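All remarks here apply to the structure that follows.
A note on names: the letters A, B, ... follow the listed sequences, proteins ahead of strands, and every chain is numbered from 1. The shown structure was predicted, so the numbers you read here are calculated from the model rather than taken from an experiment. Heavy-atom basis, side chains included; hydrogens, waters and symmetry copies ignored.
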Amino acid sequence: MVDPITQHQTHLQTTTNINTLQSETSIPQSPPSLDPKHYISQLFKCRNLNQITQVHAQVAVNGLLLHNLTLANKLLYIYVQHKAVIDAHSLFGVMTEKDPVSWSVMVGGFARVCDYLNCFVTFREYVRSGECLDNYTLPLVIRACRDTMDINMGRLIHHVVHKFGLHSDPFVVAALVDMYAKCGAIDDAKQLFDKMPERDLVSWTVMIGAYAECGNANESLALFDRMREEDVIPDKVAMVTVVNACAKMGAMHKARLVNEYIWRRNFSLDVILGSAMIDMYAKCGNLDSAREIFDKMREKNVITWSAMIAAYGYHGKGREALELFSSMLTSGVLPNRITFVSLLYACSHAGLVEEGLRIFNSMWEDHFVRRDVKHYTCMVDLLGRAGRLNEAFNLVEDMSVEKDEGLWGALLGACRIHNRIELAEKAAKALLELQSQNPGHYVLLSNIYAKAGRWEDVAKIRELMTHRRLKKNPGWTWIEVDNKIHRFSVGDHTHGWSKEIYKMLEMLIEKLELAGYVPDTNFVLHDVDEELKQGMLYSHSEKLAIAFGLISTPEGTPLRITKNLRVCGDCHTFIKFVSAIAKRSIIVRDANRFHHFEEGACSCGDYW
DNA sequence: CTAGGGTTAG
């Protein structure tokens, strides 16, 4: 049996010989048709697949292709550029000689058309070919792991990286950090990042984005500051990542600083940066600034429009969202499914039932956008809030797309508003079958029972949660004061000003009660963990944050707070009273939407 | 032939 490698080498030798022989026998002044450079420049001029195939045929016939690796690689590359990966692969198959460039073009080609299976298969062949791996192919295949969320493959390739001594290459490591982060292994990402001998701008950007992605926007912003301290100068892409972190964090002050920096650096407001900034301002509670950015942008695409429509939606401005949608259609930008989710959501949170129904029915007929489960979820929410629960239920029963936990969750939420216990039990059953590990679902059902005074059922749910080892998600509230973010949990005593905060809270509650505030103990009774204890109601994280905001900012300053869960009913009432008595406008971002409190009223109309 | 960027329900 002949060793394949020896065979391969013999073969190579033969072709080299032929090559020499040919150049010896050919005319000294070779005509353009035998000059590889001639074909390479021809290839770059190709504008369609047909032209590429023609050049391919010519070089195959005159024998140039098999003996000129540069030419073959270029041809391979041009095929991949035109997404003709099948043609590329058949050329790849007949290439007698391959170098790292050929392999990386082929591996990258499969990744480009999302054919990850062949991407990995080709990479494995590359490794087995004994050819040396380089820092071109590895980032490509690592990114394929990220895009398929295949962390096991990612770890495997990480080993390969070590084997080839490429664990210090900035391209390779940045790709690995990104892969770990997007696969949810933030600790592995951080560890790699910390060990990097030299962190360049891209690795910083990847790491900053990684933290924002995993929900730790705070750390993300801290990392950005550290990067600046190390004199790494951010570019526009880095700024988009930071803008994104500000949006997730809801950090208004930081947002302003970031905007100022972008302006100072003269970064042009392109469609991506602009869209990100709209999102940032809107999620920091400043709809006007978001709109200013929107109006300033010269190029707007579907994402820009959708971001602005969504912003109006979660600020409770349904009419504005609808108006913007018609302008969008007038301007010729086609809506996509996300545009419709944002639009229906806006209708639902503004109580625009008929408009929502009209849009829902027109999606496919007028705009060729298919309804998916999220659109149905918005409709369930829309009908449910309006008390039309039977219609919502019928919609769910008749729909032909697959139902998910979000859909049942919306139905359950609507049942809570309207105290529909039997429907709630039906929805909860379906919900828990799909997702039995989410404590939020149990809490919601328990709240429904509590509101109806069915304490035995409340106890049953609590028992079930204990049995399944589920704990209610901890609630956090953030408030930004003097460019610093302060975080509070329920009953928090860790803040430096804790004493003053509780004193303030005591005074506030006294004043509020005189003004007619009655604590809603319902919200104490159906909490499932420590919050159960009497008095805990007074120290909900949003109340602490507000008390702190009142003592740490000048009179009349608006307070902006962010909460990771939905604001509780008692806190909602409490904040309404505070806005009137302390004469402050208070802007609360909860897990779902914004509440603008002003003079004793909330923009959500107590309907959230 | 390489790495990093924006919108969506509950």
Side-chain angles (χ1 to χ4, degrees), chain A residues 73-74 76-77 80-81 99-109 134-143 146 169-179 181-182 200-210 212 234-244 247 270-280 282-283 301-311 313-314 335-346 348-349 372-382 384 404-414 416 427 431 438 440-441 444 566 591-593 608:
Chain A
N73 281 344
K74 281 285 184 285
L76 206 59
Y77 176 64
V80 165
Q81 288 284 302
D99 68 357
V101 176
S102 337
W103 287 105
S104 88
V105 172
M106 203 58 244
V107 168
D134 66 357
N135 58 344
Y136 284 77
T137 315
L138 280 164
L140 291 167
V141 74
I142 294 167
R143 191 170 58 179
R146 178 196 73 179
D169 182 88
F171 283 78
V172 175
V173 183
L176 280 170
V177 170
D178 192 35
M179 182 274 299
K182 297 266 157 64
D200 63 1
L201 176 59
V202 176
S203 356
W204 279 103
T205 310
V206 165
M207 201 61 228
I208 291 168
D235 64 359
K236 203 200 277 189
V237 178
M239 291 319 291
V240 171
T241 313
V242 175
V243 163
N244 202 357
D270 68 28
V271 66
I272 297 183
L273 180 59
S275 306
M277 286 178 70
I278 289 173
D279 187 52
M280 169 180 78
K283 286 187 180 152
N301 64 12
V302 60
I303 299 182
T304 319
W305 287 93
S306 304
M308 196 65 226
I309 290 172
Y314 51 74
N336 63 15
R337 14 184 87 196
I338 296 177
T339 317
F340 281 105
V341 171
S342 307
L343 205 52
L344 293 173
Y345 174 83
S348 137
H349 281 258
D372 68 28
V373 66
K374 290 186 183 179
H375 302 113
Y376 279 97
T377 305
C378 289
M379 292 315 287
V380 164
D381 194 55
L382 179 83
D404 68 0
E405 65 270 13
L407 182 82
W408 293 112
L411 206 49
L412 190 60
R416 182 191 64 98
L431 187 57
N438 186 335
H441 303 331
L444 191 51
R566 272 176 38 144
N592 292 342
R593 60 168 295 158
W608 80 99

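Residue contacts shown for A:His349 are limited to sugar-phosphate atoms, with no base heavy atom under 4.0 Å away. Across all strands shown, A:Ala238 has heavy atoms under 4.0 Å from base atoms, whether or not it also approaches the sugar-phosphate. Contacts of A:Ile208 with the nucleic acid, taken as non-hydrogen atoms under 4.0 Å apart, are absent. Nucleic acid contact class of A:Asn73 (heavy atoms, under 4.0 Å, all strands): none. Residue-level contact check: A:Asp178 touches the backbone only, with heavy atoms under 4.0 Å from sugar-phosphate atoms and none from bases.
When the side-chain contact (heavy atoms from CB on, under 4.5 Å) test is applied to A:Arg593, the partners found at least two apart in sequence or on another chain are A:Tyr314, A:Tyr345, A:His349, A:Asp590, A:His595, A:Cys604, A:Trp608. Listed by chain and residue number, A:Phe92, A:Tyr126 satisfy the ring-ring contact (aromatic ring centres under 6.0 Å, His included) test with A:Trp103 (two or more places apart in sequence, or in another chain). In terms of the ring-ring contact (aromatic ring centres under 6.0 Å, His included) criterion, residue partners of A:Tyr376 (sequence neighbours excluded) are, by chain and number, A:Phe360. With sequence neighbours excluded, no residue forms a side-chain hydrogen bond (donor to acceptor under 3.5 Å, both in side chains) with A:Arg143. Checked against side-chain hydrogen bond (donor to acceptor under 3.5 Å, both in side chains), A:Asn301 has the following partners two or more places apart in sequence or in another chain: A:Thr304.
Taking 4.0 Å as the cutoff to heavy atoms of chain A, we find the contact window on DNA chain B bounded by B:dC1 to B:dG10.
Side chains of A:Asp200 and A:Ser203: a donor-acceptor N/O pair is present below 3.5 angstrom, by distance only.
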